[in-house]
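A, B, ... follow the sequence lines: proteins, then strands. Residue 1 opens every chain. Note that this is a predicted model, so its numbers are computed, not measured.
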Protein chains: 4
Amino acid sequence: MNKREVQASVKDERLVQKRRDQMIKGAVALFKEKGFHRTTTREIARAAGFSIGTLYEYIRTKEDILYLVCDSIYDHVKEQLEENLDHKQGTLESLKVGIANFFYVMDELQDEILVMYQEVKSLSKDALPYVLKKELEMVAMFENMLHKCVENGELELSEKQIKIIAHDIFVQGQMWGFRRWALRKLFTLEEYIELQTEFIFKGLGVKRDG
Amino acid sequence: MNKREVQASVKDERLVQKRRDQMIKGAVALFKEKGFHRTTTREIARAAGFSIGTLYEYIRTKEDILYLVCDSIYDHVKEQLEENLDHKQGTLESLKVGIANFFYVMDELQDEILVMYQEVKSLSKDALPYVLKKELEMVAMFENMLHKCVENGELELSEKQIKIIAHDIFVQGQMWGFRRWALRKLFTLEEYIELQTEFIFKGLGVKRDG
Amino acid sequence: MNKREVQASVKDERLVQKRRDQMIKGAVALFKEKGFHRTTTREIARAAGFSIGTLYEYIRTKEDILYLVCDSIYDHVKEQLEENLDHKQGTLESLKVGIANFFYVMDELQDEILVMYQEVKSLSKDALPYVLKKELEMVAMFENMLHKCVENGELELSEKQIKIIAHDIFVQGQMWGFRRWALRKLFTLEEYIELQTEFIFKGLGVKRDG
Amino acid sequence: MNKREVQASVKDERLVQKRRDQMIKGAVALFKEKGFHRTTTREIARAAGFSIGTLYEYIRTKEDILYLVCDSIYDHVKEQLEENLDHKQGTLESLKVGIANFFYVMDELQDEILVMYQEVKSLSKDALPYVLKKELEMVAMFENMLHKCVENGELELSEKQIKIIAHDIFVQGQMWGFRRWALRKLFTLEEYIELQTEFIFKGLGVKRDG
DNA sequence: CATGAATGAGCTTTCATTCAT
DNA sequence: TATGAATGAAAGCTCATTCAT
């Protein structure tokens, strides 16, 4: 269940990938502006640079596009995160850097995050699990970091505490995107990261954060 | 700008309120199931127990219904919260109770919260500010509680810390609703409240909670 | 077939007349502004000063209102014309005055004329003949005048000539109403009357008018 | 401001013209029977031989159809008139032929004329000027003819007389269409033309018409 | 007699999807 | 493979008319 296959009429895999990239790019821009439901397939086709007929050579339903978009965003985020992942995991310092990195990525991809955030619920019962699974994988990255810190004796946390704090961190990252209408007026990104990190670290029971 | 008036053709205020209540109830159920865009006005009318013609005697556009729903949810939540608001504000104990109350309300109204959470973005530029304002008012309730604790010398927090933690608490409450697909498998409501409260209180720098 | 009865639920004849007058007045104003089809029965009721329920106590269908309006306009025009009808009929002078009078009435009632002109075609096959009959009666007034002039030896015209010229005069009068968008820029009412009278009298073969 | 462009989704200009012709033809027939407001877009689509969806590929609103119809009628009339325009303009003979031609065209296109006559007022404030302008252009054709006769010394008329008589001729032509319910019972087309021409020529002050 | 809430048929318009070229 | 014209189900909304009060 790692990927939900989206059927294409076209056989050439390379072409399929290329066309889908075009169409995801166009779709994200449009969804950001007007949401999934208010965006028409014609508009997506036009934004992607080809005709409506061609669009339907690479997908089967409009919802496929939403799935492709969500999927691509997750891949993008995950890739970014893994790239920046500290190799000295298990230290508080590396946890701190990990959190900051995550927040930076969320800021960078804020439009995509917002889109995905608002539109996942439009995914069919069919496609939803694949997307939620990816979300859990990302939460698991933080669980992992926390785990390693516990193993290293840097932190003292129960399993449940790890779980909930991983979720909290993850949601705080998303928050920066989906509550920007409020948060931007109060904090710069750097302030936000600093304040949240401080809050988290105290919450973790760390006496002095580095 | 306290309320955005939704125009009705019917004059009898009491009837308007009654019919709108029916309609909100039906709409929430439907939005929960299929979202705002996939729900038709006819379905809402039927769920409310009257005809499509009657529906439009009480609103002007479909979006009015969404606004009415969001508005009513906020009123409901706020009412619940204020009702349970501790009178010995300014103590850590009262803060703790306040947070727990909030989480309980969020659990009780989880369907409504979920709906509102997913659909606010469908509100027009026109109606959105009214709803966001209400959201900020609720965040302000937590800011207030924190403020009083600071004034009483129970906590030591900067303005910015107060702001961000109020947002964090608020989002943690919502989280229980919008991430229930994940959280329910991990925690009971009581566990969730306990763990989050512990996390928050540590984050606030409280040595011993309770 | 002198009148097409419009059924009312209310028995009191005086009241029926009063209410209908109110509603005709309101309807003319509305039809003038937006035409019959774009005017709603509710608007007519409001303009008439009573409720939609009351409106339907005095008519059976929306089309009845149109019939009532047309009928009333014709009565109005005819009344005006007969009032001003010269008693020395049969002279060219009296014909000239009659034409001028007609044009003045058409100017005075131009809004009503325009409304009726544009909306008669919306009358049902049922009501139309009654209205057309009235129109012919008015044309007949000019035929009469012309006849008398012929009998008096003032003019020399065949039956067919009389008929067509009566129609021409009548349409020239209406023209001032329904082509006002063009004519007003070119002539004052007085100029229009003078020029048209001159044209008609020459067309009648009169060597020297007036 | 020579044409108000009606937007089409379809690009192929030839196809657009073809489909619009189908649609105009169907619409004229329906408007004639029941008027613009009582005709539904579905009926027009069916009459034109395609689906409602296809209809809307070639127009944007129902009113566009009315504009297209009016526009096409004017073009048709003008084309017919110009085709038959005498080259020896400036003689009374050519004027007489011109008038007769106009009346013949009005008879030929009587359905279209009637439709347009009754429905122009349903055009939006936006489209109306384009149509009225065309009407004035047609009136101007008669002004032209009269002018040339004056220049040639065949007639003696002031500017204002020319203007009003051009309007009169034009309206007499339309009359044959919009008052046919009365005129047909009295005259054949030939009689009508003969009588009106005689009337006009006398009105012009011509002693003996050719 | 007067009221106005209720009704639902029917309207215009949109848009995902197909398929012949 | 690519195109875009054609389709029609389905949506939001209106409004003439009724009828219980």
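Rounded to a whole Å, the CD atom of D:Glu57 is 12 Å from the C1' atom of F:dG8. Put simply, CD1 on A:Ile44 is 17 Å from P on F:dG4, counting in whole angstrom units. Summarising the geometry, the separation between CG on A:Leu55 and C1' on F:dT1 is reported as 14 Å, rounded to the nearest angstrom. Rounded to an integer number of Å, the gap from CD of B:Glu43 to P of F:dA10 is 11 Å. Whole-Å rounding puts the C:Ile59 CD1 to F:dA16 P distance at 10 Å. Here the C1' atom of nucleotide F:dA10 and the NE2 atom of A:His37 are 14 Å apart, to the nearest Å.
Take the nearest nucleotide of DNA chain E for D:Thr39 and for C:Gly49: the residue whose nucleotide is more 5' is C:Gly49. A residue-by-residue look at D:Ile52 and A:Phe50 shows that A:Phe50 has its nearest nucleotide of DNA chain F further toward the 5' end. Along DNA chain F, the nucleotide nearest to B:Phe36 and the one nearest to D:Asp12 differ in position, and the one closer to the 5' end is contacted by D:Asp12. Toward the 5' end of DNA chain E, the nearer of the two residues B:Leu15 and D:Arg38, judged by each one's closest nucleotide, is B:Leu15.
Remark: DNA chain F takes part in the stems E:2-21 with F:2-21, each of 3 or more antiparallel Watson-Crick or G-U pairs, criterion distances under 3.5 Å.
Atom CG of B:Leu128 and atom NZ of B:Lys121 lie 11.0 Å apart (nearest 0.5 Å).
Here A:Lys134 pairs with A:Asp71 in a salt bridge; the nearest charged N to carboxylate O distance falls below 4.0 Å. A salt bridge links B:Glu57 and C:Arg42; the closest N-O separation between the charged side-chain nitrogens and carboxylate oxygens is under 4.0 Å. The existence of a salt bridge linking A:Asp12 and A:Arg19 is excluded, since no basic side-chain nitrogen approaches an acidic carboxylate oxygen closer than 4.0 Å. A:Lys34 has a carboxylate O that lies under 4.0 Å from a charged side-chain N of A:Glu43, or vice versa, which qualifies the two as a salt bridge.
Looking at B:Ile73 and B:Val69, their side chains come closer than 4.5 Å, going by heavy atoms from C-beta outward. Counting heavy atoms from C-beta outward, C:Tyr58 and C:Leu15 have side chains that approach closer than 4.5 Å. The side-chain heavy atoms of A:Thr41 and A:Tyr56, taken from C-beta on, include a pair separated by under 4.5 Å.
Using bins of under 30°, 30° to 60° and over 60° for the plane-to-plane angle, the ring pair B:His37/A:His37 lands in the parallel bin.
The phosphate of F:dA2 has neither OP1 nor OP2 within less than 4.0 Å of any side-chain N or O from A:Ser51. An OP1 or OP2 oxygen of F:dC15 is reached within less than 4.0 angstrom by no side-chain nitrogen or oxygen of C:Thr40. Taking only side-chain nitrogens and oxygens, C:Thr41 comes nearer than 4.0 Å to OP1 or OP2 of F:dA16.
Among the protein residues, D:Lys18 comes within range of no part of the nucleic acid, since none of its heavy atoms lies under 4.0 Å from any strand. Across all strands, A:Thr61 comes closer than 4.0 Å only to sugar-phosphate atoms, never to a base (heavy-atom distances).
The span of DNA chain E lying next to chain A, judged by atoms under 4.0 Å from heavy atoms, is bounded 5' to 3' by E:dC15 to E:dT18.
Distance from the side chain of A:Arg19 is smallest for F:dA2 among the nucleotides F:dA2, F:dC13, F:dA11.
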Please test C:Gln17 against C:Arg20 for side-chain hydrogen bond (donor to acceptor under 3.5 Å, both in side chains), starting from the C-alpha separation and ending with a verdict. CA-CA 5 Å; C:Gln17 199 49 55; C:Arg20 284 185 179 171; 5.6 Å; no
